[in-house]
Amino acid sequence: MRTALVLLLIALFLVSVATGPVWWPWRLGDEVGWAIVLELRLPRALLGLLVGAALGLSGAVLQAWLRNPLAEPGVIGVSACASFAAVCAFYSGLAAAFTLALPLAGIAGAALAVAALMVAVRAGAGTVSLLLIGVAINAVAAALISLVLALAPNPFAFQEIWLWLAGSIADRDMRHILVSAPFIAIGAGFVLMNRRWLDALSLGEDAARSLGADTRRLGLWLTLAVGLMVGAATAVAGMIGFVGLVAPHLIRARVGFKPGATLVPSMLVGAILVLAADIAVRLLPTSYELQLGVFTSLVGAPFLVRVIRRAHASWLAT
């Protein structure tokens, strides 16, 4: 299965690089064609791969750790705090004065949310308490974002902030990749190093402790890892929903419902979903390119309804 996913990912990556007003621009054989590829298309495709992989892996971790099939990266409040910090960068004018102010502010906001969650984990908060804390962080961050939008100095600032919140990987360059890639790589490394304990943790904290897992330490590592990945992805691409929810569900049955075995396939599927969605928004016959986050929400919402209905049917059957 992994081979098929890798081949599909490579194919979508090449299609992403080729898609646009000028198809296969490198065939032009001049400086303009290669400039289109290297400065516009390639960074966009690479960022789609990174963001999708981060969201897919984060979703797989959270669903196993919280033992909730509806858990996704936004559930712990990290993406909301990253978005609020980025909105503040817009509002204060830093985003206009300094190109990297936006992703750096997003990462800083994610770090604050991760710090709050790590304090809760260190204090002994269980998975249910952690989930509720994440919901509270989400609510506060959403309220603060609404406040900033209401206080936007002019309609142009409001539109710029809203478009960023809607999520997109268009008009990004290699600097955004260089800013986000280290955080995503470190977070993914933390998760993959501890994946053997996810199978035990999915059975419950008591069962994991009986098997020798240090659940508090493991919780700190997982919180930090998910925060790094989701924060970095949100900081450079805005809010892209449902990818972290959908990706693990698409492959879970094919790996025997083992949480540790879903991690790498979820990364691949997440990257595939983001690249496919980004290609789709460029091909849709609209006057302006649809925001990526809007498209993933429109496609992901029916999938969420399906998951809820299947979960309800399973509950009734038992």
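All values derive from a computational prediction rather than experimental measurement.
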Using every non-hydrogen atom in the two residues, find where [X] and [Y] come nearest and quote the distance to one decimal.
X	Y	value
Met229	Ser58	CE-OG, 3.4 Å
Ile177	Pro182	O-CD, 4.2 Å
Pro43	Met174	CG-SD, 3.8 Å
Pro248	Gly56	CG-O, 4.1 Å
Ala225	Val191	CB-CG2, 3.5 Å
Leu263	Arg195	CD1-CB, 3.2 Å

From [atom1] ([X]) to [atom2] ([Y]), nearest 0.5 Å:
X	Y	atom1	atom2	answer
Asp278	Leu273	CG	CG	12.5 Å
Leu57	Leu62	CG	CG	9.5 Å
Ile240	Ser168	CD1	OG	7.5 Å
Leu12	Leu8	CG	CG	4.5 Å
Thr262	Leu250	OG1	CG	12.0 Å
Gln291	Ile169	CD	CD1	11.0 Å

Q. Should Leu228 and Ile184 be marked as a side-chain contact (heavy atoms from CB on, under 4.5 Å) after you check the CA-CA gap, both sets of side-chain angles, and the distance that decides it?
A. CA-CA 6 Å; Leu228 287 172; Ile184 293 174; over 6 Å; no
(Q) For a quick check under 3.5 Å, do Arg41 and Thr19 share a side-chain donor-acceptor pair by atom type? (A)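 Distance-only check fails for Arg41 and Thr19.
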Side chains of [X] and [Y], heavy atoms from C-beta outward: is any pair under 4.5 Å?
X	Y	answer
Glu72	Val243	no
Leu151	Leu147	yes
Phe84	Val148	yes
Val78	Val226	no
Val264	Leu192	yes
Ser79	Val230	yes

Q: Check step by step if side-chain contact (heavy atoms from CB on, under 4.5 Å) holds for Ser16 and Arg282.
A: CA-CA 9 Å; Ser16 177; Arg282 281 182 270 177; 2.8 Å; yes
Q. Does Glu289 come within less than 4.0 Å of Arg44, counting only side-chain N to carboxylate O?
A.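 Looking at Arg44 together with Glu289, the answer is yes, because their closest N to O distance falls below 4.0 Å.
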Q: From the options Ser180, Pro73, Ser83, select the one residue that forms a side-chain contact (heavy atoms from CB on, under 4.5 Å) with Thr234.
A: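 When Ser180, Pro73, Ser83 are each tested with Thr234, the side-chain contact (heavy atoms from CB on, under 4.5 Å) holds only for Ser83.
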May I ask whether [X] and [Y] are part of the same hydrophobic cluster, defined by side-chain heavy atoms of I, L, V, M, F, W, Y residues being less than 4.5 angstrom apart, directly or through others?
X	Y	value
Val299	Val281	yes
Val61	Ile133	yes
Leu144	Leu165	yes
Leu292	Leu283	yes
Leu55	Leu49	yes

Q) Taking the side chain from Arg172 and the backbone from Val236, do they hold a donor-acceptor pair closer than 3.5 Å? A) yes
Q.
Between Gln63 and Arg252, is the side-chain contact (heavy atoms from CB on, under 4.5 Å) condition met? List the steps.
A. CA-CA 11 Å; Gln63 289 177 17; Arg252 184 170 289 118; 2.5 Å; yes
**Q.** Residue Phe183 excluded, over 12 heavy atoms near CZ under 6.0 Å
**A.** no
Q. Yes or no on side-chain contact (heavy atoms from CB on, under 4.5 Å) for Val246 and Val269, after CA distance, side-chain angles and deciding distance?
A. CA-CA 9 Å; Val246 173; Val269 172; over 6 Å; no
